[in-house]
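Below is one structure, written out as structure tokens; comments come after it.
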Amino acid sequence: MMVKDLVDKFGLAVTAGESGLDREVSSGYCGDLLSEVMGNAPAGCAWMTVQGHQNIVAVAVLREMAAIIITGGQTPDDETIKKADQEGIPILLWSNSSFTLAGRLFSAGIGKPATESSSKR
Amino acid sequence: MLKKFRADLHIHSCLSPCSDWDMSPKKIVERSLEQRLDLIAICDHNTAENVAATLREGARQGIAVLPGMEVCSKEEVHLVTLFKKIEAALKMQEYVYAHLPGENQPDVFGHQVVADEHDQVLCENPRLLIGATRLSLVDIVKKVHHLDGICISSHVDRPSFSLVGQLGFIPEDLNLDAVEVSYRVSIDKALTEIAGIKDYPCVTASDAHFLEDIGKVWTEFILTAPTLDEIRLALTGIKGRRIAN
């Protein structure tokens, strides 16, 4: 699934980094403590956070993420939008909690182990 | 003439909900003198309402006190802010209060006691002082500098409520005056172990919430007088003023 598919499927608002909408999303990650996310988020993930500080873009680049999704009705700082546009990292907005979106993403097969997502009952 | 000043620039009074009842302006000053400190700063969470009483008591007993406040940004990063005069600290307080949502629940977070220098309780502060403001780090640093104060990033060695813990690293555009490390690590060790802080002046302070913790660690400054202007010179190492730890 590409970032733009997420946008369409879940009604996310694109607020920055449009040039990266064709990035492939292979998993998801939730976290607001950037020191922790920097160490643990998987490459290719869609990262859900309430932080809107510009450092989120650097963390996304460092971890080679597919996209940042700012949740809980929070918004990115102006500087963050600028940086995301420069780096081509899409920033999407979700007005509800990270939990509610993560559940939807997981149900749609994002981040499920191959055996689990391919076994149809 | 330049001489040594022993400073603990991060002390919470009984106004911080997480702080001990005994942390009154009077007792803080007494304990600081016992600990042979020359200079202290009162930095309660998002408030400066116990600063004036501590300034009066400090003047009476003979210890320099700087007005301060530990502000919590919307990123949930704690910043120690220090000012020359009480008026500037109160202006900062006005700005912080205008962007601080919520009410305190004393049973959950603790009592927030405003006291005078005679150990009399004046009132309890009803705001959610333990909470985060809606102000960004950049907003806070800008406002503090506008009020001619200084901004020190609190306990950068800690995982919680620190700039490095919350945001992973120190943002390059943040115009901090210094970083602070807790008693858990020496300044020398912190400078080699914590990525990105070696470009900043580094101080240490007790972050005391209990009387016995005051002066647990301190920063030794070489100054001509225990004032904020002198500390500012010391942080940048100008005219012989410096940090001597």
Side-chain angles (χ1 to χ4, degrees), chain A residues 15-17 28-43 45-87 89 91 93-95 97-99, chain B residues 71-79 99-102 128 130-145 151 153-176 179-182 184-185 190 193-200:
Chain A
T15 185
Y29 200 78
C30 295
D32 305 315
L33 209 52
L34 270 56
S35 50
E36 186 273 335
V37 176
M38 267 169 73
N40 297 305
C45 73
W47 170 32
M48 287 152 270
T49 182
V50 295
Q51 293 278 11
H53 188 271
Q54 57 165 304
N55 276 18
I56 61 175
V57 179
V59 171
V61 171
L62 178 79
R63 299 304 294 191
E64 299 176 344
M65 293 181 183
I68 301 166
I69 307 173
I70 299 184
T71 62
Q74 302 292 321
T75 51
D77 298 344
D78 293 343
E79 202 55 38
T80 309
I81 293 175
K82 245 182 258 169
K83 290 240 153 104
D85 284 337
Q86 280 165 16
E87 298 286 351
I89 297 280
I91 296 184
L93 303 180
W94 173 253
S95 59
S97 70
S98 293
F99 173 79
Chain B
V71 184
C72 184
S73 77
K74 71 173 183 185
E75 298 90 354
E76 303 211 355
V77 171
H78 287 179
L79 289 176
H99 299 90
L100 181 67
L128 186 60
I130 200 71
T133 65
R134 295 198 180 99
L135 298 166
S136 71
L137 283 164
V138 173
D139 292 337
I140 294 166
V141 173
K142 224 182 260 176
K143 185 71 176 181
V144 170
H145 286 164
C151 258
S153 187
S154 304
H155 40 68
V156 291
D157 55 311
R158 303 296 300 149
S160 52
F161 297 112
S162 83
L163 185 53
V164 177
Q166 292 298 120
L167 293 184
F169 56 94
I170 300 178
E172 56 186 27
D173 66 340
L174 199 61
N175 200 6
L176 286 174
V179 297
E180 174 209 273
V181 293
S182 76
R184 297 167 186 86
V185 61
E193 289 185 358
I194 304 173
I197 71 164
K198 65 175 192 314
D199 300 332
Y200 294 88

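Predicted model only: the values in this text are computed from it and were never measured.
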Over 12 non-hydrogen atoms of neighbours within 6.0 angstrom of CD in A/Glu36: yes

Specify the closest pair of heavy atoms between A/Asn55 and B/Phe169, including all atoms of both residues, with the distance to one decimal. ND2-O, 2.9 Å

Residues B/Lys74 and A/Asp77 bridged, charged N to O under 4.0 Å: yes

Which region of B/Glu172, side chain (C-beta onward) or backbone (N, CA, C, O), has a non-hydrogen atom less than 4.5 Å from a non-hydrogen atom of chain A, or is it both or neither? side chain

For residues A/Leu34 and B/Gln166, determine if any side-chain heavy atom of one lies less than 4.5 Å from a side-chain heavy atom of the other. no

Between A/Gln54 and B/Asp173, does a side-chain contact (heavy atoms from CB on, under 4.5 Å) hold up when you go through it step by step? CA-CA 10 Å; A/Gln54 57 165 304; B/Asp173 66 340; 2.8 Å; yes

Is it true that, when you exclude B/Arg184 itself, more than 12 heavy atoms of the residues, nucleotides or ligands shown sit nearer than 6.0 Å to its CZ? yes

Quick check on the interface: out of A/Leu33, A/Ile56, A/Val50, A/Val37, who has the most heavy-atom pairs with chain B under 4.5 Å? A/Leu33

What pair of heavy atoms forms the shortest contact from B/Pro171 to A/His53, and how long is it? CG-CE1, 3.3 Å

